[in-house]
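Report on the structure given below.
Numbered from 1 within each chain, the chains take letters A, B, ... in sequence-line order. Side chains included, hydrogens not; waters and symmetry mates left out as well; all remaining heavy atoms used.
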2 protein chains.
Amino acid sequence: MPTPDRTAAKEKFMAFLEEKNLRITSQRRAIVETVFGTDQHFTAEQLLEWARERDASVSRATVYRTLPLLTESGLVHEMDFGKDYKIYDPNYADHPNHNHIICDDCDKIVEFESDKLDALETEISSKLGFSVKSQQLRINASCEEMKKLGACKNKDH
Amino acid sequence: MPTPDRTAAKEKFMAFLEEKNLRITSQRRAIVETVFGTDQHFTAEQLLEWARERDASVSRATVYRTLPLLTESGLVHEMDFGKDYKIYDPNYADHPNHNHIICDDCDKIVEFESDKLDALETEISSKLGFSVKSQQLRINASCEEMKKLGACKNKDH
DNA sequence: AGCAAGTCGAGACCGAGTCTCATTTGCAGG
DNA sequence: CCTGCAAATGAGACTCGGTCTCGACTTGCT
Ligand SMILES: [Mn+2]
Ligand SMILES: [Mn+2]
Ligand SMILES: [Zn+2]
Ligand SMILES: [Zn+2]
């Protein structure tokens, strides 16, 4: 996957803030630069840690306050795999329709795209009288390496 | 949906306990009778409350210890819709392949079956070198009633 | 009955996420 | 540049689902 255009996303978010009459603070700048300075998936706590390396004054509260803005802007994607924390994907603007599969044993996440899946999800929802807001196929599985190792839980690869 | 055969599920679970050399205690009996005495989806805290109506001595710890046994036995299905609690489905033995769609606004859950979806999920997983353990399509949507009411959050139907 | 292993409840604890409130900061308008 | 004020901030208390510990009590087996 090619390196995403971080600058574009950053500027889009600043514009999003302006539109909503929200202020561009130094903490928000540090957070946004952190988010669009990686293409890894991350948790809120990881983001806090990374952002603090740029600006030690960033607080947990501000990270948790900014994350909903980032997802509302559509530039970051929030995911839930049934763990007790959420996972965020900073590449969403560049790859808006990808899905994820997670290995239950080692937490490895693999991305994939499937138009067939998207179409089927939409079809089912409308048949049931729902209007889709977001959809997420969560497949909990064991990856190949885990199968070889024989179901050992939570080891590194 | 017809009333499920609660007795069968209850006995299957007792057999499951015996197989694993686990004891049949009065608290486990109360919990199991509660679980297979409803066909509603429930949370762990709800189950605690209901089980205590049968046997006031049932503790939170025992409920949380028994739930994994119930899901491991395959008789109860554990689900996560991105809320901060899990939802359990006591009908799983009778309808092993159904999926769920949830209304983000009012938490209403609707069940459906789709062989096409199941097949597609399996195909994708194996293509990626994963062996599926469980799969769950989570569609966060607005139900018809919520659309009419205009996106009002968390109201009763 | 007697024993060992399994199970129990109470309540301490955990960790992600939320809330409060006193203080600081961005920014518009003069 | 200055001033005023709403928006935003950090520290830390708090919430809440869920887990863990540990001493006491059951269960199942002989
Ligand atoms: Mn991704
Ligand atoms: Mn169901
Ligand atoms: Zn793995
Ligand atoms: Zn609804």
Review point. Below 4.0 angstrom from OP1 or OP2 of C/dG17, is there any side-chain N or O of A/Y64?
Key: yes
Practice item. Just say parallel, tilted or perpendicular for the rings of B/F42 and B/Y88, cut-offs at 30° and 60°. Key: parallel
Point to revise | Summary of protein contacts for nucleotides 4-14 of chain C, nucleotide by nucleotide, where a base hit scores B, a sugar-phosphate-only hit scores S (4.0 Å, heavy atoms) | key: -BBSBBB----
Exercise for review: Report which part of the nucleic acid A/Y85 touches: base, sugar-phosphate, or nothing (heavy-atom distance under 4.0 Å, all strands).
Suggested key: sugar-phosphate
**Study point:** Rounded distance in Å - CD (A/E18) to C1' (C/dG26)
**Key:** 12 Å
Review point. Quick one: are the ring centres of B/H98 and B/H77 less than 6.0 Å apart?
Key: no
**Study point:** Length of the CG-P vector between B/D84 and C/dA16, whole Å
**Key:** 14 Å
Check your understanding: What is the distance, rounded to the nearest whole Å, between atom CD of B/Q46 and atom C1' of D/dG18?
Key -> 16 Å
Exercise for review: Send over the distance from B/L69 CG to D/dT19 P, rounded to a whole Å.
Suggested key: 13 Å
**Study point:** Euclidean distance, A/T122 OG1 relative to A/K127 NZ, rounded to 0.5 Å
**Key:** 12.0 Å
**Study point:** Among B/Q46, B/R29, B/R54, the one residue meeting side-chain contact (heavy atoms from CB on, under 4.5 Å) with B/T34
**Key:** B/R54
Point to revise | Whole angstrom value for the distance that separates C1' of D/dG17 from NZ of A/K83 | key: 17 Å
Point to revise | Distance, rounded to the nearest Å, where A/L47 contributes CG and C/dA16 contributes C1' | key: 14 Å
Exercise for review: Look up atom CG in A/D80 and atom CZ in B/F81, then write down how far apart they are to the nearest 0.5 Å.
Suggested key: 11.5 Å
Revision key, fill the gap. Whole-Å distance, B/K20 NZ to D/dG28 P, equals 17 Å
Exercise for review: With rounding to the nearest 0.5 Å, note down the distance linking CG in A/L67 to OG1 in A/T62.
Suggested key: 11.5 Å
